[in-house]
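Since the structure comes first, as structure tokens, the remarks are kept for the end.
Counting starts at 1 for both ligands and their atoms, following the listed order. Predicted, not measured: the structure shown is a model, and the values here were computed from it.
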Amino acid sequence: MSNKTKTTDTQFRQASAEYNFGFLDEYAKKEVRRSVLKAIAIPGYQVPYSSREMPMGRGFGTGGLQLTLSLIGKQDTLKVIDQGSDDSVNAVNLRSFIEMICPGIDTTTQVSEANLIQSRHRIPEEPLREDQVLILQVPYPDALVVVEPSEDKRKIMHGEADYSRLLVKLYEDIVKFNEITISHRYPTRINGHYVIDSSPIPRWDVPKMHQSKALILLGAGREKKIYAVPPYTLAEPLEFDDVPFRVENFNDEHGQRRLCHRCGCDHSFLDEFIDSKRAYKRYQCSDSDYCDEQLTFKTSASNQNLEG
Ligand SMILES: [Zn+2]
């Protein structure tokens with residue numbers, strides 16, 4: 001079953017009467033695409049670009065949006081995700097804006113159908129393919145900002161691959177809390193040199209960047225930076241020999257892996273919900289499309305069993 005939708009004629013007429021396809025003018029798109037090429041050529045390097053004003057506030061995904069609008073064409077199918085869901089306010093509004101301004105494109109909620117995926121806070125659970133591009137919205141592009149306020153100095157440190165102060169910061173965490181406490185935006189070394197801010201994805205998603213089949217582009221609109229993790233590239237979260245990187249643990253107090261209460265999945269990133277009436281915690285897949293798919297699979301398997 002397909003979840004694709006086409007933009008309507010009314011939307012087409014409204015948009016085409018006033019705006020260029022993709023809202024940005026062609027020169028702006030060209031500049032973004034050039035920056036993307038440079039970002040791919042130097043994996044992990046933050047390429048500056050002249051981020052344009054968008055009809056939404058900085059911090060709501062203008063960097064990701066400008067990447068999407070510069071790359072999308074009428075033959076493309078787009079999926080927009082916010083915190084793993086296609087139905088949250090940010091995702092719905094971005095998707096309807098792009099549909100309105102890019103007449104003729106397809107949109108979908110299914111990862112397998114999309115060739116462009118714009119996301120905030122999550123990388124889909126389903127492994128991505130070579131023909132797909134993942135665009136991540138980034139608030140703070142520079143992993144060094146926590147240890148060095150001057151951008152000039154940070155640029156020198158990046159150039160020299162000098163991440164000693166960042167490593168000291170991680171070490172201090174271990175001394176104080178017995179583990180590295182960074183839950184998202186985990187500093188990750190790309191292709192053995194530049195350390196990037198991996199955007200506010202959970203640690204769970206960081207290993208998906210390593211040797212990813214899909215091109216991953218990261219765009220920060222307010223900070224005017226684009227960077228990339230090209231396909232089949234090393235992406236290594238910072239760690240120590242004796243304190244390895246680890247992802248979130250979803251085991252309960254008895255050491256049992258918690259299951260998604262909706263689809264029963266035992267291997268996805270889970271969101272925690274509080275059932276206020278019964279005062280207990282429920283866990284559900286954060287990736288709503290993946291949860292739906294697991295549920296469909298489970299239902300069809302149980303139907304087959306009944307028929308058999
Ligand atoms: Zn689920």
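- For the pair D287 and R122, the salt-bridge criterion is not met [side-chain N within less than 4.0 Å of a carboxylate O].
- Every side-chain hydrogen bond (donor to acceptor under 3.5 Å, both in side chains) that R262 has, sequence neighbours left out, goes to D292.
- Judged by distance alone, the side chains of Q256 and N251 never bring a donor and an acceptor atom under 3.5 Å apart.
- Residues Y283 and E272 have side chains that bring a donor and an acceptor to within less than 3.5 angstrom of each other.
- Scanning for side-chain hydrogen bond (donor to acceptor under 3.5 Å, both in side chains) contacts around N178 gives an empty result, with sequence neighbours left out.
- Protein N/O/S atoms closer than 2.8 Å to the Zn ion (ligand 1): C260 SG, C263 SG, C285 SG, C291 SG.
- Contacts of E148 classified as salt bridge (charged side-chain N to carboxylate O under 4.0 Å, His left out), with partners at least two apart in sequence or in another chain: R165.
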